[in-house]
Amino acid sequence: MREEAARSPEFVQSLERGLAVIRAFDAEHPQLTLSEVSRRTGLTRAAARRFLLTLVELGYVHTDGRLFSLRARILDLGYAYLSSLSLPEIARRHMEALVAQVRESCSVSVLDGHEVVYVARVPTKRIMTVGISVGTRFPAYATSMGRVLLAAQPADWLDDYLATAELRPLTRRTVTDPAKLRGVLTRIAAQGYAIVDQELEEGLRSLAAPIHGRDGSVIAAVNVSAHATRGSFEMIRRDLLPPLLAAAKRIEEDVRGGSGRASTAAADPPGAAVGGTVRSTCW
């Protein structure tokens, strides 16, 4: 409980006490009696009882008449926080953890027309001749994140893309044949990730995984990039792919948990401006 001297004139003590009752429950104390709640919060039994029964009536607490426990609806209080976050904000802590684990840069991007737009990035060392920051754009066909996003598009949109996109050879390895690119995208859709070997820039390998929204659609992609000198193609796949897929899953769990804004910010139709962060960025 807060000290009396620290309270402002606007301080609502009843709200503090109600939150204290909720916080009395934890992993070690999933069920509590009235007396236990009273003891853990410092409230009188009468006050604890009023707060508990109010929470029961609101659907946040369950009781069998003796024991009290939190109900799943209590998660709404946390989801309200997550729903206020943008996709980059939700993803960032998972990206930072991934970078710390694999020692390679990590990015999140969305599809905007025929290009990917970077909406979040956690770098380590610079491995490309072109600097990357939020707002950077690359042609989707030659990037791992772009291919993940292209592979998730409706068939008619993809048909139009393959018929109209300018597939230029950025390196000697770049796939520029529309039929071959379609086959690559089909495999990516089936396996759930993409690996690009020096097609955007010589010496750069990149792996990407989709980020699904609450409705199951792909709203963004997350990647890690490594210099080819790190090891063989198979070694990079072995070392980087499992942690990347795990990070993508953790981001999805947070997005699906309550991020209404995150699930729509990057889910606009290809060609539209996507995400609040992207709209306010100049490039």
Side-chain angles (χ1 to χ4, degrees), residues 1-98 100-101 192 209-220 222 242-267:
M1 292 282 184
R2 292 179 51 172
E3 295 295 329
E4 190 75 33
R7 293 173 180 168
S8 70
E10 293 78 22
F11 187 81
V12 180
Q13 189 178 58
S14 59
L15 176 59
E16 177 199 31
R17 291 176 174 175
L19 293 173
V21 170
I22 293 173
R23 291 196 300 269
F25 299 90
D26 56 29
E28 296 181 356
H29 305 88
Q31 293 184 313
L32 295 171
T33 64
L34 172 59
S35 296
E36 289 169 334
V37 171
S38 174
R39 184 168 59 253
R40 288 175 62 83
T41 60
L43 298 172
T44 64
R45 280 176 54 90
R49 181 176 182 275
R50 288 197 300 272
F51 284 113
L52 283 168
L53 293 181
T54 298
L55 290 168
V56 168
E57 189 166 338
L58 292 173
Y60 292 111
V61 169
H62 169 77
T63 183
D64 62 3
R66 189 182 78 86
L67 291 173
F68 295 85
S69 59
L70 298 180
R71 298 185 64 178
R73 189 175 183 182
I74 204 74
L75 294 174
D76 290 348
L77 302 179
Y79 289 168
Y81 167 72
L82 282 177
S83 66
S84 70
L85 300 178
S86 68
L87 174 61
E89 290 170 324
I90 290 175
R92 187 164 186 85
R93 69 185 182 93
H94 301 295
M95 296 169 66
E96 290 173 345
L98 178 60
Q101 179 182 2
I211 298 173
H212 296 85
R214 299 179 78 178
D215 63 356
S217 63
V218 175
I219 60 172
V222 58
L244 171 66
L245 294 176
K249 183 177 180 180
R250 289 191 293 269
I251 295 171
E252 287 181 345
E253 288 171 350
D254 278 0
V255 168
R256 292 176 175 181
S259 178
R261 204 169 106 199
S263 63
T264 58

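Every heavy atom of this structure was used, including side-chain atoms; hydrogens, water molecules and symmetry mates were not. Everything numeric in this text was worked out from a predicted model, so none of it was measured.
- Between Leu55 and Gly18, the closest heavy-atom pair is CD1-O, 4.5 Å.
- The backbone N or O of Leu43 lies less than 3.5 Å from a partner atom in the side chain of Ser38, making a donor-acceptor pair.
- Note that CD1 of Ile74 and NE2 of His62 are 14.5 Å apart. Values are rounded to the nearest 0.5 Å.
- Side-chain contact check for His94 versus Val222: every heavy-atom pair is 4.5 Å or farther apart.
- Taking each heavy atom of Gly192 and Leu245 in turn, the nearest pair found is O-CD2, 4.2 Å.
- The shortest side-chain heavy-atom distance between Leu98 and Leu244 falls under the 4.5 Å cut-off.
- Geometric assessment of Arg71 against the ring of Tyr60 yields a negative cation-pi assignment under the 6.0 Å and 45° thresholds.
- Checking Thr33 against Arg66 by side-chain atom types alone, no donor-acceptor pair falls below 3.5 Å.
- Using a 4.0 Å cut-off between charged side-chain N and carboxylate O, Arg40 and Glu36 make no salt bridge.
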* Ser35/Arg45 under side-chain hydrogen bond (donor to acceptor under 3.5 Å, both in side chains): CA gap, chis, key distance, verdict -> CA-CA 6 Å; Ser35 296; Arg45 280 176 54 90; 2.4 Å; yes
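- Between atom CZ of residue Arg73 and atom CG of residue Leu58 there is a gap of 7.0 Å, rounded to the nearest 0.5 Å.
- Shortest non-hydrogen contact noted between Val255 and Gly213 is CG1-CA, 4.1 Å.
- A donor-acceptor pair under 3.5 Å is formed between the side chain of Glu89 and the backbone N or O of Ser86.
- Among Leu19, Val56, Val21, the one residue that satisfies the side-chain contact (heavy atoms from CB on, under 4.5 Å) test with Phe51 is Val21.
- One distance of note links CD1 of Ile211 with CD1 of Ile251; it measures 4.0 Å at 0.5 Å rounding.
- The closest donor-acceptor contact from the side chain of Arg17 to the backbone of Ala48 lies at 3.5 Å or more, if one exists at all.
- Of all heavy-atom pairs between Leu52 and Leu34, the closest is CD1-CD1, 3.9 Å.
- The environment of CZ in Arg250 is crowded: more than 12 heavy-atom neighbours from other residues, nucleotides or ligands sit within 6.0 Å.
- Atoms CZ and OG1, from Phe68 and Thr63 in turn, are 4.0 Å apart once rounded to the nearest 0.5 Å.
- Two residues are said to be in side-chain contact when any heavy atoms from C-beta on lie closer than 4.5 Å; Glu16 and Phe11 meet this criterion.
- Residues Ala209 and Ala248 approach most closely at CB-CB, 3.9 Å, considering heavy atoms.
- A side-chain donor-acceptor contact under 3.5 Å links Glu252 to the backbone of His212.
- Between Phe25 and Val37, some side-chain heavy-atom pair lies under the 4.5 Å cut-off.
- The nearest pair of heavy atoms linking Leu70 to Ile22 is CD1-O, 4.2 Å.
- Residues Ser69 and Leu67 fail the side-chain proximity criterion, which asks for heavy atoms closer than 4.5 Å.
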